Trainee: 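Dropping a structure here in structure tokens format, bear with me for questions.
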Amino acid sequence: MERALEEVGKTRRYAEKLHRSDKMVYMVIERHTADVLHLKRSPGIRSWSLLVGIASIGLAAAYYSSDSVIWKLFYVTGCLFVALQNMEEWEEVVFDKSKGRIELKTFSLYARILTLWSKGHEKVLLDLRHLRDICVQEEKVRYLGKGYVLVLRMATGFSHPLTQNATLGHRSDVEALAALLKRFLKLGASQQQPAQEDEDDFGDEDEEDFEQLGMEGDDESSDSRDESELTPH
């Protein structure tokens, strides 16, 4: 129990250091206990700036235009929908060791408005026992350069990104979160144990094969002695 509390304390200090080191964090820690780690991600400054900028273009076009009111409304709503389409999503990830699952939630404001609030929420459940590695993957973001995202690699060969949107220009932030998750989930220890079990099984199989070969050799030698005794000189 004391060791578990010590690990939780280390993880919290590591998370606080992560938040102090960079304001543009990849994900924010919403809740952290010995069994649950809840992460959140909201649209960044770039998304809100893009929303305000595109919406301002529509408002300016409607204000300075001499067209009818219908066309002015079309300018404003059209620019607003374009801005919402390019906006990042709200995302949540919950690692629950007690239930043995990973829960990924996504909320899209654009899909919510477009479907009149009937859709917009997406939920994915993954088996925590099948998680084998968490790594940083580089992605190209259109018009903006390189971005980085965490990828969950499962034992089934399936890979799933931790978030739908990559963060720009902060690889160290993403690597710090990957180290935090590996510490919380103890992936290094969980990977070494199955490998050791495979080595033990392989060694046992070698010993059994060696013993079987030895028994066959003894049988052949005994048969040859019997044949020599029966052969007349």
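Just so it is clear, the structure is predicted and the values come from calculations on it, not from any experiment.
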Trainee: Grouping I, L, V, M, F, W and Y whenever their side-chain heavy atoms are under 4.5 Å apart, do Ile57 and Leu50 come out in a common cluster?
Mentor: no
Trainee: Following the transitive rule for hydrophobic clusters with a side-chain heavy-atom cut-off under 4.5 Å over Ile, Leu, Val, Met, Phe, Trp and Tyr, establish whether Val149 and Ile102 coincide in one cluster.
Mentor: yes
Trainee: Looking at every non-hydrogen atom in both residues, tell me the closest pair between Glu139 and Ala166 and how far apart they are.
Mentor: OE1-CB, 4.0 Å
Trainee: Out of Leu39, Leu126, Val94, which residue meets the side chain to side chain contact (heavy atoms under 4.5 Å, CB included) rule with Leu104?
Mentor: Leu126
Trainee: Give me the atom names and distance for the closest heavy-atom approach of Cys135 to Arg153.
Mentor: SG-NE, 3.1 Å
Trainee: Tell me, please, which residues at least two apart from His130 pass ring-ring contact (aromatic ring centres under 6.0 Å, His included).
Mentor: none
Trainee: Does a sphere of radius 6.0 Å around CD in Glu138 hold more than 12 heavy atoms from other residues, nucleotides or ligands, not counting ones at 6.0 Å or beyond?
Mentor: yes
Trainee: Do Phe81 and Tyr75 sit in the same hydrophobic cluster, where Ile, Leu, Val, Met, Phe, Trp and Tyr count as joined when their side-chain heavy atoms come under 4.5 Å apart?
Mentor: no
Trainee: Looking at every non-hydrogen atom in both residues, tell me the closest pair between Pro43 and Ser47 and how far apart they are.
Mentor: CB-CB, 3.9 Å
Trainee: Check whether any side-chain N or O of Glu91 sits under 3.5 Å from a backbone N or O of Gln164 as a donor-acceptor pair, and report yes or no.
Mentor: yes
Trainee: Please report the shortest heavy-atom distance between Gly58 and Val76, naming the atom on each side.
Mentor: O-CG2, 3.8 Å
Trainee: Nearest 0.5 Å please: distance from the CE atom of Met27 over to the CG atom of Leu181.
Mentor: 9.0 Å
Trainee: Run the ring-ring contact (aromatic ring centres under 6.0 Å, His included) test against Trp71 and tell me which residues pass, sequence neighbours left out.
Mentor: Phe74
Trainee: Distance from Lys40 atom NZ to Arg31 atom CZ, nearest 0.5 Å?
Mentor: 12.0 Å
Trainee: So, do Ile134 and Leu185 sit near enough that their side-chain heavy atoms are less than 4.5 Å apart?
Mentor: yes
Trainee: If you round to the nearest 0.5 Å, how far is CG of Leu84 from SG of Cys79?
Mentor: 11.5 Å
Trainee: Any luck finding a side-chain donor-acceptor pair between Asp96 and Ser98 under 3.5 Å?
Mentor: yes
Trainee: Would you say Arg41's side chain and Tyr26's backbone share a donor-acceptor pair under 3.5 angstrom?
Mentor: yes
Trainee: Let me confirm one number: the CD-NZ distance from Glu89 to Lys105, rounded to the nearest 0.5 Å.
Mentor: 15.0 Å
Trainee: If I compare all heavy atoms of Met154 with all of Leu131, which pair ends up nearest, and what's the gap?
Mentor: CE-N, 3.7 Å
Trainee: Is there a path of hydrophobic side-chain contacts, each under 4.5 Å between heavy atoms of I/L/V/M/F/W/Y residues, joining Trp90 to Tyr110?
Mentor: yes
Trainee: Are the side chains of Leu80 and Leu51 in touch, meaning some heavy atoms are under 4.5 Å apart?
Mentor: yes
Trainee: Any link between Tyr148 and Leu177 through a network of hydrophobic side chains (Ile, Leu, Val, Met, Phe, Trp, Tyr) touching at under 4.5 Å?
Mentor: yes
Trainee: Given side-chain contact (heavy atoms from CB on, under 4.5 Å), test Asp127 with Thr156 step by step and report yes or no.
Mentor: CA-CA 11 Å; Asp127 194 341; Thr156 56; over 6 Å; no
Trainee: Could you check if a side-chain atom of Lys146 sits within less than 4.5 angstrom of a side-chain atom of Arg171, using non-hydrogen atoms only?
Mentor: no
Trainee: Once you round to the nearest 0.5 Å, how far does CG of Asn165 lie from CZ of Arg46?
Mentor: 7.5 Å
Trainee: Taking C-beta and beyond as the side chain, do Leu152 and Leu162 meet within less than 4.5 Å on heavy atoms?
Mentor: yes
Trainee: Find out whether Tyr63 and Lys72 are in side-chain contact, i.e. whether some heavy atom of one side chain is under 4.5 Å from a heavy atom of the other.
Mentor: no
Trainee: Would Lys97 and Leu128 satisfy side-chain contact (heavy atoms from CB on, under 4.5 Å), going step by step from the backbone distance to the final call?
Mentor: CA-CA 7 Å; Lys97 292 193 289 187; Leu128 185 59; 3.9 Å; yes
Trainee: Give the ring-plane orientation class for Phe107 versus His121, where under 30° counts as parallel, over 60° as perpendicular and anything between as tilted.
Mentor: tilted
Trainee: Can you measure from OH (Tyr64) to CG (Leu59) and round to the nearest 0.5 angstrom?
Mentor: 11.5 Å
